[in-house]
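Side-chain atoms are counted along with the backbone in the values below, which use heavy atoms only and exclude waters and symmetry mates. Predicted model only: the values in this text are computed from it and were never measured. This chain uses plain numbering: 1 for the first residue, then up along the sequence.
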Amino acid sequence: MEQEPRVIFTRDELISQFKSCGVKEGQHLLVHTSLSKLGFVVGGAETLIRALLEIVGPEGTIMMPSQTWKNLDPATGVHWEAPAEWWPVIREHWPAYDKEVTPAIGMGVAAEMLRKWPGAQRSDHPARSVAAVGKYASYLTENHDLSNIFGEGSPLDKLYRLNGSVLLVGVGHDKNTSLHLAETRASFPGKQTVNESSAVMVDGKREWITYPTQAVDDSDFVQLGTAYEEEMKLTVHRIGNAEVRLLEQRPLVDWATAWMERHRA
């Protein structure tokens, strides 16, 4: 299979391309991106973030997942490279979440850069944090409840209240975190609560704590997203070698909630 030729982009070219996809001033965007899928971006993640911030302007906001999911119990499989006999050591010594220091594990270079951007805010959840820059960065990231990761009052729910949008750049609906908000709202037989554990700081001391939260399942997100695109006749754009989807979050979540209630066991 012949490889697609790589494309090179400057900041100005990215700005023009994203505007042609519908990104505009004043938007509040939850961005999921695979930078390498675009092609060669001159300046990498820094250029991508500068381009998006320039488009949305001072009245807009850019948010990205800055999750630290390795700060979960190794029994869940997040430390698949570690044998079971190491698990007690991991539980006892994994560093407590520090939103200023703890890296965004596996979220991509853009998310890792955004969390350190001047003026960036980051939520306090030890495993499922988000980072944001812009007008509503503080609002979106404050009071991220330990157990209520994706539901009412979470960063995803706050974006919904702001009539925000989702920008998928080079990734599919399997990375569309907003669908977890629909999971919290939908009623389906298999819905359940599980216990998760993370290392956190409590009164200046590291503690390994366990907290209840809704179990999440992204196994049908691609199927759901494909059905949504077909029904809504969504335009899938292209920038370089990346498919780009811009979706209004509120209608997506409302539709996905109803879809899950019809299709989930």
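Put simply, V56 and I239 are part of the same group of oily side chains (I, L, V, M, F, W, Y) that touch within less than 4.5 Å, one to the next. Hydrophobic cluster membership is shared by L252 and M232, with clusters built from Ile, Leu, Val, Met, Phe, Trp and Tyr side chains linked at under 4.5 angstrom. With hydrophobic clusters built from ILVMFWY side chains whose heavy atoms lie under 4.5 angstrom apart, V41 shares a cluster with I15. F9 is not connected to L168 by any chain of hydrophobic side-chain contacts under 4.5 Å among Ile, Leu, Val, Met, Phe, Trp and Tyr, and they are in different clusters. Hydrophobic clustering (ILVMFWY, side-chain heavy atoms < 4.5 Å, transitive): L48 and L114 are in one cluster.
In this structure, the side-chain contact (heavy atoms from CB on, under 4.5 Å) partners of V101, at least two apart in sequence or on a different chain, are D98. By the side-chain hydrogen bond (donor to acceptor under 3.5 Å, both in side chains) test, N71 is found to be paired with no residue, residues two or more places apart in sequence or in another chain being considered. Remark: E59 pairs with K135 by the side-chain hydrogen bond (donor to acceptor under 3.5 Å, both in side chains) rule, at least two apart or across chains.
Remark: E152 CD is loosely packed, at most 12 non-hydrogen atoms of other residues, nucleotides or ligands lying under 6.0 Å away. Within a 6.0 Å radius of CH2 in W86, no more than 12 heavy atoms belonging to other residues, nucleotides or ligands are found.
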Hey, mind stepping through L140 and Q121 against side chain to side chain contact (heavy atoms under 4.5 Å, CB included) and telling me if it holds? CA-CA 9 Å; L140 287 164; Q121 303 293 319; over 6 Å; no

Stepwise side chain to side chain contact (heavy atoms under 4.5 Å, CB included) test for K158 and E142: CA-CA 10 Å; K158 291 176 180 178; E142 65 189 2; 3.6 Å; yes

Working for salt bridge (charged side-chain N to carboxylate O under 4.0 Å, His left out), residues R245 and E243: CA-CA 7 Å; R245 293 164 169 86; E243 289 187 341; 3.1 Å; yes

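Residues in residues 22-31 take part in these side-chain hydrogen bond (donor to acceptor under 3.5 Å, both in side chains) pairs, two or more places apart or across chains: H28-T61. For residues 147-170, the set of pairs meeting the ring-ring contact (aromatic ring centres under 6.0 Å, His included) definition, not counting sequence neighbours, comprises F150-H180.
Donor-acceptor pairing under 3.5 Å is recorded for the side chains of S66 and R122. A donor atom on one side chain and an acceptor atom on the other are found under 3.5 Å apart for E229 and H173. Of the N and O atoms on the side chains of Q249 and S178, at least one donor lies less than 3.5 Å from an acceptor on the other residue. A side-chain donor-acceptor contact under 3.5 Å links D217 and S219.
Under the 3.5 Å distance criterion, the side-chain polar atoms of E112 are matched with a main-chain donor or acceptor of A104. Here the side chain of K19 pairs no donor or acceptor atom with the backbone of I55 at under 3.5 angstrom. Under a 3.5 Å cut-off, the side chain of T68 and the backbone N or O of P126 do form a donor-acceptor pair. K70 contributes no side-chain N or O that, together with a main-chain N or O of W94, makes up a donor-acceptor pair within less than 3.5 Å. Using modelled atom types, one side-chain atom of E13 and one backbone atom of T10 make a donor-acceptor pair closer than 3.5 Å. Although no hydrogens or angles enter the test, the distance criterion places a donor-acceptor pair under 3.5 Å between the side chain of S123 and the main chain of V130. The main-chain N or O of R11 is never found under 3.5 Å from a side-chain atom of E54 such that the two would form a donor-acceptor pair.
Salt-bridge annotation for R161 and D157: present, with a side-chain N of the basic residue lying under 4.0 Å from a carboxylate O of the acidic one.
Contact check for L156 versus T177: side-chain heavy atoms found under the 4.5 Å cut-off. In this structure, the side chains of K99 and D124 come closer than 4.5 Å at one or more pairs of heavy atoms. Put simply, the side chain of T76 does not reach to within 4.5 Å of the side chain of E196, judged on heavy atoms. Contact annotation: the side chain of D174 never approaches that of D218 to less than 4.5 Å [non-hydrogen atoms, C-beta and beyond]. The shortest distance between side-chain heavy atoms of P155 and H144 falls below 4.5 Å. Looking at heavy atoms from C-beta onward, T213 lies out of side-chain contact with R128 at the 4.5 angstrom threshold. Using a 4.5 Å heavy-atom threshold, the side chains of R91 and D73 count as touching. Side-chain contact between D220 and H263: absent, with no pair of heavy atoms (C-beta onward) separated by less than 4.5 Å.
Across all their heavy atoms, H32 and V166 have their closest contact at CD2-CG1, 4.2 Å. In terms of heavy atoms, A265 sits closest to F188 at O-CD1, 4.0 Å.
Screening L247, L159, L179, L181 against V253 for a side-chain contact (heavy atoms from CB on, under 4.5 Å) leaves a single residue, L181.
Ring pair W259/W255 is parallel by interplanar angle, where below 30° counts as parallel and above 60° as perpendicular.
Here Y211 sits in one hydrophobic cluster together with W69, L72, V78, W80, I105, M107, L146, V200, V202, I209; the rule is ILVMFWY side chains under 4.5 Å apart, joined directly or through other members.
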